[in-house]
Amino acid sequence: MTKFFISRSNIGSLLVMLSAILYGIMPAMAKGIYADGCNSLTLTLLRSLLPLPALFVLARRKQPNLRLPKGSSIFVIVSACFHSFTTLLLYSSYNHIPTGMATTLHYVYPLVVAFLSALFLHLKLSVWKKTGLFLGMLGVSFFALGHISSNLYGIVYALLSGCTFGAYMVMLGTRRIKQIPCHVYNWYLALVTIMLTGSLGLATHQLTLELSAGAWMRALVFSFLLTIGANTLLQLGIRMTTPSNAALLSLLEPITSVIIGLLFLGDAFSATKTVGCMIIFISLLLTTVGESLIKPRE
């Protein structure tokens, strides 16, 4: 039993769940920053730009020359593009539909991860994971009840963000990415994001850097929590487990969003959200505890 709790896979699962909690705080923080005059493109840029000096120091401590392994550069660039577009699309959806609905639609990504993992990484899903995936999607669907919106742009943005994030998570599970130290990878991830969003902002004239001191402070905390905290925890977790397992464990994110909304934004905790939380917890238990307990018998 002790070996079960301290296994590498379960440590990875814990790291993924911690990252999901941090990601779950994101919608409420983003809404607050938007209220101070920021927009989705600017926030996407600041998320990578503000922690850049800290990322540089952390990366140099891990690998002084910051050199990428041979053949991994294209993997870093493509995965960084998926990550950048995920952030931009999801943040943009907050301007059109409620954050609860956006988070729900974003959670098509466990299905995307399961499909791409089977297609490209040749990872087979066990019965426990298939059951957990089905229940997880069922639980998330309960969060969508009561969030009715006719804004097609917001719906499309949120769905596309789930697809790009699923592709990003699968790429984190590849050998080319796993051999790069996390802080070094995050350094290049931030650089690509800055170049993409900066170029897009200059081309569309949508960058708004004239923010209040309070907005800058909130954006600084926001960027460090996500870029250094959540990103690193997710990457380390995926290296210790699998992308499909990480996608299921990330279902803690909508639960965190609901709790934050209940405590700080005055959101109502409906019966459908209660049922959704219960189903998601059951799916998490099936994914982690259930599969690990049957391995000794096998």
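Only heavy atoms go into these numbers, but all of them, side chains included; no hydrogens, no water, no symmetry mates. Here, residue 1 is the first one in the sequence, and each next residue gets the next number.
Of all the heavy atoms in Leu236 and Cys182, the pair that sits closest is CD2-SG, 3.5 Å. Looking at every heavy atom in both residues, Pro64 comes nearest to Arg60 through O-NE, 2.7 Å. In plain terms, the two heavy atoms of Met240 and Gly12 that are nearest each other are CB-CA, 3.6 Å. Nearest approach of Phe224 to Ala54, heavy atoms of both residues: CE2-CB, 3.8 Å. Listed here is the closest heavy atom pair of Ser19 and Val16: OG-O, 2.6 Å. The nearest pair of heavy atoms linking Cys81 to Leu196 is SG-CD1, 3.8 Å.
Counting only N and O atoms by type, the side chains of Tyr185 and Ser79 include a donor and acceptor under 3.5 Å apart. If you check the side chains of Asn186 and Thr227, you find no donor sitting under 3.5 Å from an acceptor.
In this structure, the side chain of Thr86 engages the main chain of Phe82 through a donor-acceptor pair within 3.5 Å. In terms of modelled atom types and a separation under 3.5 Å, the side chain of Thr256 and the main chain of Gly24 share no donor-acceptor contact. Side chain of Gln235 to main chain of Arg239: no donor-acceptor pair is present (N/O by atom type, distance under 3.5 Å, no hydrogens or angles). Between the side chain of Thr193 and the backbone N or O of Leu189, at least one donor-acceptor pair lies under 3.5 Å. Of the possible polar contacts, one joining the Thr42 side chain to the Thr208 backbone as a donor-acceptor pair under 3.5 Å is found. When atom types are taken as modelled, the side chain of Arg47 and the backbone of Ala190 share no donor-acceptor pair closer than 3.5 angstrom. The closest donor-acceptor contact from the side chain of Thr174 to the backbone of Met171 lies under 3.5 Å. Under the 3.5 Å distance criterion, the side-chain polar atoms of Ser223 are matched with a main-chain donor or acceptor of Leu220.
For the pair Leu234 and Met169, the minimum side-chain heavy-atom distance is below 4.5 Å. Side-chain contact between Tyr157 and Tyr91: absent, with no pair of heavy atoms (C-beta onward) separated by less than 4.5 Å. Looking at Ile238 and Leu15, their side chains never come closer than 4.5 Å, going by heavy atoms from C-beta outward. Looking at Ile180 and Gln63, their side chains never come closer than 4.5 Å, going by heavy atoms from C-beta outward. Between Ile177 and Ser72, the closest side-chain pair of non-hydrogen atoms is not below 4.5 Å. Counting only heavy atoms from C-beta outward, the side chains of Met29 and Leu225 approach each other to under 4.5 Å.
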Pair Leu52-Phe56, side-chain contact (heavy atoms from CB on, under 4.5 Å): steps then yes or no: CA-CA 6 Å; Leu52 194 63; Phe56 178 74; 5.8 Å; no

Pair Leu43-Ser40, side-chain contact (heavy atoms from CB on, under 4.5 Å): steps then yes or no: CA-CA 5 Å; Leu43 187 57; Ser40 58; 5.9 Å; no

Stepwise side-chain contact (heavy atoms from CB on, under 4.5 Å) test for Leu55 and Leu191: CA-CA 10 Å; Leu55 287 173; Leu191 286 180; over 6 Å; no

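To the nearest 0.5 Å, atom SG of residue Cys38 and atom CG of residue Leu211 are 5.0 Å apart. Interatomic distance, Leu233 CG to Ile21 CD1, rounded to the nearest 0.5 Å: 10.0 Å. Taking CG of Leu45 as the start and CG of Leu202 as the end, the distance is 9.0 Å to the nearest 0.5 Å. To the nearest 0.5 Å, atom OG of residue Ser199 and atom CD1 of residue Ile194 are 11.0 Å apart. The line from CE of Met26 to NZ of Lys31 is 12.0 Å long, rounded to the nearest 0.5 Å. The CG atom of Leu226 sits 10.0 Å away from the OG atom of Ser48 when rounded to the nearest 0.5 Å.
Hydrophobic clustering of Ile, Leu, Val, Met, Phe, Trp and Tyr side chains at less than 4.5 Å, counting indirect connections, keeps Leu207 apart from Met195. Using a 4.5 Å cut-off between side-chain heavy atoms of Ile, Leu, Val, Met, Phe, Trp and Tyr, with links allowed through other members, Tyr188 and Ile77 fall into different hydrophobic clusters. Under the 4.5 Å side-chain heavy-atom criterion for grouping Ile, Leu, Val, Met, Phe, Trp and Tyr, Val221 is connected to Ile228 within one hydrophobic cluster.
Residue Phe222 is tested with Ile33, Leu50, Leu46 for a side-chain contact (heavy atoms from CB on, under 4.5 Å); the sole match is Ile33. Partner Trp187 forms a side-chain contact (heavy atoms from CB on, under 4.5 Å) with one of Leu58, Val57, Leu66 and no other, that one being Leu66.
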